[in-house]
Amino acid sequence: MYSNMRLHQDGQNSFYQDLAMRATNLITEFQTSTSFMTAELGNLTEEQLNDFLQNCSELKLYKRKLQEVIRQKKHILDAQTELLLAQLSEVTGAADDIFSMFNNADVKFDTIKDDSGNDLAVTHGTFINHMENPSRDIRESAFKSVYKSYEQFQNTIATIFSTNIKEYDLIAKLRHFESPIHSALSPNNIPVEVYNNLLDTVTSRLGFLHEYVTLRKNTLNLEELHIYDLYVSMLPDYEKTVSYDEACETIIEAMKPLGDDYIEALKLGFNSRWVDKYENEGKRSGAYSWGCYGSPHPFVLMNYTDNVNNMFTLAHEMGHALHSYYSHKTQPYPYARYCIFVAEVASTVNEALLINYLLKTTTDPDYKKYLINHFMEQFRNTLYRQVMFADFEKQVHTMNWEGTPLTAKLLYDTYYNLVKKYYGDDLTADREIGFEWARIPHFYKPFYVYQYATGFSAAIAISKRILSDDPQAITDYKTFLSGGSSKDPIELLKIAGVDMSSPTPIIEALDQFESLIK
């Protein structure tokens, strides 16, 4: 963790490149040396396991872990094959590493001009800021600058991307999974119906997104709404600067419904340098929270710029950090780490509480309109857009599973057609957007992105419950935050009052989106 976080400060630093590679080599060596264990445990019957648990009190801590091995025993291979796969783990993860190095250290975007003719740098960190700029020329120029670079390397990236898919799907076949989706969802015991239910429910309600596109087009008074018009506020002349310190103060106020202990931990994070705040040359793009059991606290990487979106991103990442803080403090090591399926819930609850606080407290009618616009954008980006990504993943993995070569053209056509389907006829789907698949890092963690949409839906439901003044809701939510991986994620969410095996939370979230449009 240390070597990689230092590398993320500057991806061009050869010293930390070396340390990160050495750490990865050690992980591979460890996995190779211990690979026999899973195969050996997989040979146990449930009766044998229960005998061991009854006769050895020290094993009781690991009961759930051992039961999970038994549950997945048909996907555990013989010891020799497990050893071979462990030895190959560094190679099978190479596509992700190659794309990450290309995306963070090597790819460059053309400089653009502002309305006065001055040069504007386009980077991963500034791209969204440019796309939110009231100047349509700046938005269009930034859009074309970014996608020009990915188009230039489309064949190389397609090769990296398809290699990643082939590796993942091959291992799924070796482990006797019915499909790549089954392979991805099995470790956390997520029913495949949850994934398919998400896609079916959202695609059956694409009409809401089409209504939003029409609203945006009419409000901006545009003859044609282009992709680069999706991010700008529908109040294009409204500007709101939010410094990092102001963001921290606002987030603390917004989280007060979660209780004094949550606020104390939040203040500790802000005041004790948990956060690497600003963009730097070579620094990893985006934002994340990361930590390990036994580290002093979780860490947050930001590329903060002084605006409302970054305030929400900070609230989001501190939601992750506090989830880790509660989980590590409560659970023993084997169960302290929570899975991604529930990870996006805590982060999005923070965002939902923040927007609720801002809408209630602001006296500026334009800021209130701006915030409603922002909330609708959360639905578009976190629910609809992530489901579109999940739809794309399902299609390309299925094509590869069935033997179809994933060429750059096929990837382009598949993605471009999805953009047109999801956004509808009132959006002019610019040619360049077909290359967006080439710049999404999360595609290198197959079937990851759908969890943003499920997490968002669950978080909307939980935040409503928290704000209902039901004290039991706070207690249940804290129990959820402290749960780690002590239960299956579907069961953990039920503790917080949400059943993600049902379409109900998704439908309720989409109904709220429709109410915002109205």
Would you kindly say whether Tyr147 and Gln154 are connected by a side-chain donor-acceptor distance under 3.5 Å? no
Considering only heavy atoms from C-beta outward, does the side chain of Leu220 approach that of Val232 to under 4.5 Å? yes
Please check if atom NZ in Lys369 has more than 12 non-hydrogen atoms from other residues, nucleotides or ligands closer than 6.0 Å. no
Measuring only between side-chain heavy atoms, which start at C-beta, is Met311 closer than 4.5 Å to Tyr304? yes
Applying side-chain contact (heavy atoms from CB on, under 4.5 Å) to Val192 and Glu178, what does each step give before you reach the verdict? CA-CA 11 Å; Val192 173; Glu178 184 179 332; over 6 Å; no
Any donor-acceptor N or O pair under 3.5 Å, side chains Asp200, Asn197: no
With a 6.0 Å cut-off on ring centres, are Phe392 and Phe443 close enough? yes
Let me confirm one number: the CG-OH distance from Leu215 to Tyr212, rounded to the nearest 0.5 Å. 7.5 Å
Given 3.5 Å as the limit, does a donor-acceptor pair link the side chain of Thr414 with the main chain of Leu411, or not? no
In sequence, state the C-alpha distance, the side-chain angles, and the governing distance for His374 and Phe312, and then conclude on ring-ring contact (aromatic ring centres under 6.0 Å, His included). CA-CA 10 Å; His374 176 89; Phe312 276 91; 4.0 Å; yes
When you measure from the side chain of Asp488 to the backbone N and O of Ile490, does any donor-acceptor pair fall under 3.5 Å? no
Is there a side-chain contact between Leu358 and Phe375, using heavy atoms and a 4.5 Å cut-off? no
Heavy atoms from other residues, nucleotides or ligands near CZ of Arg337 exceed 12 (cutoff 6.0 Å): no
What distance separates Asn133 CG from Tyr231 OH, expressed to the nearest 0.5 Å? 15.5 Å
Can you confirm whether or not the ring centre of Trp437 sits under 6.0 Å from the ring centre of Phe161? yes
Is there a donor in the side chain of Asn310 and an acceptor in the side chain of Thr305, or the other way round, less than 3.5 Å apart? yes
Under 4.5 Å between any side-chain heavy atoms of Asn350 and Leu322, yes or no? no
Closest heavy-atom pair, Ala172 versus Ser183, reported as atoms and distance to 0.1 Å, is CB-CB, 3.7 Å
For Ser295 and Met1, the nearest pair of non-hydrogen atoms, with its separation, is CB-CE, 4.2 Å
Given 3.5 Å as the limit, does a donor-acceptor pair link the side chain of His130 with the main chain of Ile138, or not? no
Mind checking the OG-CD spacing from Ser233 to Glu239? Nearest 0.5 Å is all I need. 10.5 Å
Is any side-chain heavy atom of Leu492 less than 4.5 Å from a side-chain heavy atom of Phe341? no
Please find the pair of heavy atoms, one from Ala458 and one from Val498, that lie closest to each other, and give the distance. O-CG2, 3.8 Å
If we only count heavy atoms from C-beta on, is the Leu185 to Tyr450 side-chain gap below 4.5 Å? yes
Quick one: pull up CG in Asp97 and CG in Asn164 and give me the separation to the nearest 0.5 Å. 10.0 Å
Report the C-alpha distance between Phe109 and His124 in whole Å, list the side-chain angles of each, state the deciding distance to 0.1 Å, and finish with yes or no for ring-ring contact (aromatic ring centres under 6.0 Å, His included). CA-CA 9 Å; Phe109 309 124; His124 288 295; 5.4 Å; yes
Phe153 atom CZ, neighbour heavy-atom count above 12 within 6.0 Å: no
Ser285 and Leu301 have their tightest heavy-atom pair at O-CD2, 4.4 Å
How long is the span from the CG atom in Asn129 to the CD atom in Glu279, to the nearest 0.5 Å? 9.0 Å
Can you establish whether the number of heavy atoms outside Asp425 located under 6.0 Å from its atom CG is more than 12? no
Side chain to side chain donor-acceptor pair (under 3.5 Å) between Asn103 and Tyr150, intermediate numbers included: CA-CA 10 Å; Asn103 207 38; Tyr150 288 101; 2.5 Å; yes
Report yes if some heavy atom in the side chain of Lys283 is under 4.5 Å from a heavy atom in the side chain of Asp276; otherwise report no. yes
Should the pair Glu151-Lys148 be classified as a salt bridge under the 4.0 Å nitrogen-to-oxygen rule? no
Taking 4.0 angstrom as the limit, do Lys113 and Asp119 come out as a salt bridge? yes
Is it the case that more than 12 heavy atoms not belonging to Lys368 sit under 6.0 Å from its NZ atom? no
Hey, does the side chain of Thr123 reach the backbone of Gly125 with a donor-acceptor pair shorter than 3.5 angstrom? yes
Does a sphere of radius 6.0 Å around NZ in Lys420 hold more than 12 heavy atoms from other residues, nucleotides or ligands, not counting ones at 6.0 Å or beyond? no
Using a 3.5 Å distance criterion without hydrogens, assess whether the side chain of Ser145 forms a donor-acceptor pair with backbone atoms of Ser141. no
Can Arg380 be said to sit on top of Phe513's aromatic six-ring, NZ or CZ under 6.0 Å from centre and within 45° of the ring axis? no
Does any non-hydrogen side-chain atom of Phe435 lie less than 4.5 Å from one of Ile157? no
For Ser14 and Gln17, which I'm curious about, is there any donor-acceptor pair between the side chains at under 3.5 Å? no
Closest non-hydrogen atoms of His176 and His75, given as atom of the first, atom of the second and distance, are O-CE1, 3.5 Å
Plane angle bin for His226 and Tyr228 - parallel if under 30°, tilted between 30 and 60°, otherwise perpendicular: parallel
Distance alone, cut at 3.5 Å: any donor-acceptor contact between the side chains of His182 and Ser179? yes
State the OG1-CZ distance between Thr214 and Arg216, to the nearest 0.5 angstrom. 12.0 Å
State whether the number of non-hydrogen atoms from other residues, nucleotides or ligands found under 6.0 Å of Asp106 atom CG is greater than 12. yes
Please report whether the ring centroid of His442 lies less than 6.0 Å from that of Tyr452. yes
Once you measure the plane-to-plane angle for Phe456 and Phe379, does it fall in the parallel (<30°), tilted (30-60°) or perpendicular (>60°) bin? perpendicular
Just by distance, do the side chain of Ser515 and the backbone of Gln512 share a donor-acceptor pair under 3.5 Å? yes
Set out, in order, the CA-CA distance, both residues' side-chain angles and the distance that settles side-chain contact (heavy atoms from CB on, under 4.5 Å) for Leu19 and Leu7, then state yes or no. CA-CA 9 Å; Leu19 284 192; Leu7 179 62; over 6 Å; no
For Tyr338 and His323, I'd like to know if the aromatic rings sit close, meaning centre-to-centre distance below 6.0 Å. yes
Taking side-chain hydrogen bond (donor to acceptor under 3.5 Å, both in side chains) as the cut-off, I'd like each qualifying pair that reaches into residues 383-400, sequence neighbours left out, listed once. Asp169-His397, Asp169-Asn400, Asn196-Lys394, Arg385-Glu436, Asp391-Gln395, Asp391-Tyr422
Under 3.5 Å, side chain of Asn373 to main-chain N/O of Met234, donor-acceptor pair present? yes
Can you check whether Tyr448's main-chain N or O pairs, donor with acceptor, with Gln451's side chain at less than 3.5 Å? yes
For Lys108, is there any backbone N or O sitting under 3.5 Å from a side-chain donor or acceptor partner on Ser149? yes
Checking side-chain polar atoms at under 3.5 Å, does Gln72 have a donor or acceptor matched by the opposite partner on Ser186? yes
